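Quick notes on the structure that follows.
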Amino acid sequence: MKAQPPASHFINGAYVEDTSGTLIDVIYPATGEVIAQVHAATPAVVDQALASAKAAQGEWAAMSGTERGRVLRRAADIIRARNRDLSVLETLDTGKPLQETLVADATSGADALEYFGGLAGALTGEHIPLGGGDFVYTVREPLGVCVGIGAWNYPTQIACWKASPALACGNAMVFKPSETTPLGALKVAEILHEAGLPAGIFNVVQGMGEVGASLVTDPRVAKVSLTGSVPTGQKVYAAAAAEMKHVTMELGGKSPMIVFDDANIEDAVGGAILGNFYSSGQVCSNGTRVFVQKGIKEAFLSRLKERVEAAVIGDPLDEATNFGPMVSEGQLGIVQRYIDKGVEEGARLVTGGARLNRDGFYIQPTVFADVTDDMVIAREEIFGPVMSVLDFDDEAEAIARANDTPYGLAGGVFTADLTRGHRVVGALQAGSCWINTYNLAPVEAPFGGVKMSGVGRENSKAAIEHYSQLKSVYVAMGPVDAPF
Ligand code: NAD
């Protein structure tokens with residue numbers, strides 16, 4: 001199996017190579033084989049990318065929003081037409097089952113390109129009338145050169161979610177994918193250029209954290225949007241603050257899902273499966289603390305066990321497979337250590353827990369019950385297929401415990417009582433909440449966290465605020481009234 005791109009980087013409208021950069025193996029998580037190799041960007045490559053973005057941005061910003069939007073919408077069409085090929089590539093890059101990548105990755109990227117492409121022509125300032133005929137008008141301006149830094153769980157989606165609003169607003173972007181999954185973003189760059197994007201407006205450079213760090217501190221960069229872990233977010237936010245750069249931080253979580261005893265058990269179990277095992281649990285907004293009201297605890301657990309054990313684990317390229325490997329040997333090791341910790345701390349292993357005896361980085365979908373709030377598996381983000389089920393007596397207790405975390409990315413509630421559903425999500429400290437479903441993230445809705453889970457919002461009209469700035473222009477219609 002090979003997925004070698006023509007070169008490591010995409011800069012100024014073309015593939016660029018510099019073999020003096022550190023060699024990065026791209027590993028297919030289902031087999032462990034090396035399917036491609038790329039080189040990390042050297043300082044010269046980083047400089048070339050930033051220089052091309054800086055040089056091209058002004059002309060792109062000077063085009064009408066409708067013209068910019070047309071390019072993005074064309075790219076969306078190309079992505080949809082090539083969805084199968086892009087999905088296979090995403091599966092090779094991440095190990096996620098093709099059954100998922102066909103519907104959740106390139107297509108979700110296309111949604112973002114289409115949405116922000118449509119919005120680009122509608123981005124305006126406003127007119128503010130003042131006394132005496134004076135007025136202020138505001139101009140919505142791009143920020144300039146933006147940097148996007150991605151995580152490895154949704155490489156194509158993350159590249160598109162950052163590029164779409166940035167480019168719609170007239171910015172240029174240099175995007176650094178995760179070193180674990182470098183392939184999808186290169187295809188996004190190729191397709192954007194095929195759709196008519198001017199050279200230099202969207203560039204991709206590869207590399208580890210140090211390449212990301214060098215992008216963040218470069219004085220040509222006006223804004224950084226990171227999808228990653230909280231510790232990385234803290235470093236990037238601090239580095240950006242030194243020069244007062246704009247940031248969007250899409251970070252980790254330990255989100256609660258609260259299941260009341262009047263909930264439809266099939267739906268709640270379905271929500272818990274979606275919110276813990278999709279993408280082998282490698283989803284930032286996962287509801288990994290499932291609080292189940294005591295009255296339905298055993299019924300919930302027995303149905304959950306049945307359904308989890310029916311997962312089809314196997315070759316991700318087989319469309320019947322619905323649960324694939326972890327992205328890397330390293331991530332598998334992290335998950336195994338958390339599972340050992342859960343057993344050691346006395347949580348009840350309901351199902352799963354073991355590495356599969358086959359090639360690749362497979363671990364079973366795992367459910368712990370009788371988890372308590374102080375256990376490490378209930379406090380730390382695992383970023384793998386490990387669900388903790390905790391029980392509770394009443395609503396106030398569930399809310400207090402759900403909020404007792406430094407994170408605040410997401411939260412969900414399952415109940416037949418809609419009044420209670422709204423009341424509970426109203427009290428949750430979280431950026432995205434779901435009532436009687438979980439983990440849907442359509443481009444039309446803002447997405448992002450509160451507390452340690454992040455700053456800013458992606459998707460929706462809210463993202464425009466994070467990729468543009470307002471200039472206020474005061475226009476006087478009468479004489480200047482100076483004191484002397
Ligand atoms: P990570 O923080 O290790 O790396 C994220 C990216 O940051 C990578 O591209 C990495 O190379 C880069 N990086 C690392 N150090 C850097 C530095 N000092 N300066 C600049 N860039 C640096 O995260 P990961 O392991 O790739 O992804 C998993 C994490 O991402 C989880 O915590 C998960 O919750 C989070 N995540 C959040 C969202 C969201 O939208 N909120 C989505 C997906 C993943």
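From a predicted model like this one, the values you see are computed outputs, not experimental measurements. Quick note: residue numbers are just sequence positions, from 1. Only heavy atoms go into these numbers, but all of them, side chains included; no hydrogens, no water, no symmetry mates. Just follow the structure's listing: the first ligand is 1, and inside any ligand the first atom is 1.
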TODO: Name all residues meeting the side-chain contact (heavy atoms from CB on, under 4.5 Å) criterion together with T101; count only those two or more places apart in sequence or in a different chain, and write none if there are none.
DONE: S87, E90, T91, K96, L98, D105

Contacts table for residues 373-386: side-chain donor-acceptor under 3.5 angstrom, sequence neighbours left out:
unit_1, atom_1, unit_2, atom_2, d
D373, OD1, R401, NE, 3.2
D373, OD1, R401, NH2, 3.0
D373, OD2, R401, NE, 2.7
D374, OD1, T372, OG1, 2.6
R379, NH1, D373, O, 2.7
R379, NH2, D404, O, 3.2
E380, OE1, Y338, OH, 2.6
E381, OE2, G253, N, 3.1

Open item on the list: Quick one, V204 and P177 - any side-chain contact, counting heavy atoms below 4.5 Å?
Closed with: yes

Please table the atom pairs, donor to acceptor, closer than 3.5 Å between any side-chain atom in residues 165-172 and protein atoms at least two apart or in another chain.
unit_1, atom_1, unit_2, atom_2, d
N171, OD1, L143, N, 2.6
N171, OD1, G144, N, 2.9
N171, ND2, A166, O, 2.9
N171, ND2, Y467, O, 2.8

Are any protein N/O atoms closer than 3.5 Å to the N/O atoms of ligand 1? If there are, list each pair with names and the distance to one decimal place.
unit_1, atom_1, unit_2, atom_2, d
ligand 1, 2 (O), S229, N, 2.9
ligand 1, 2 (O), S229, OG, 2.7
ligand 1, 2 (O), T232, OG1, 2.6
ligand 1, 9 (O), G150, O, 2.7
ligand 1, 9 (O), K176, NZ, 3.0
ligand 1, 11 (O), K176, NZ, 2.9
ligand 1, 11 (O), E179, OE1, 2.7
ligand 1, 19 (N), A213, N, 3.4
ligand 1, 25 (O), W152, NE1, 2.9
ligand 1, 26 (O), W152, NE1, 3.3
ligand 1, 30 (O), G228, O, 3.2
ligand 1, 32 (O), E381, OE1, 2.6
ligand 1, 34 (O), E381, OE1, 3.4
ligand 1, 34 (O), E381, OE2, 2.5
ligand 1, 40 (O), E250, OE1, 3.4
ligand 1, 41 (N), E250, OE1, 3.4
ligand 1, 41 (N), L251, N, 3.3
ligand 1, 41 (N), L251, O, 2.8

Task: Plane angle bin for H193 and F10 - parallel if under 30°, tilted between 30 and 60°, otherwise perpendicular - done: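 The rings of F10 and H193 sit tilted, inter-plane angle from 30° to 60°.
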
Task: Pair D218 + K54, salt bridge at N-O below 4.0 Å - done: no

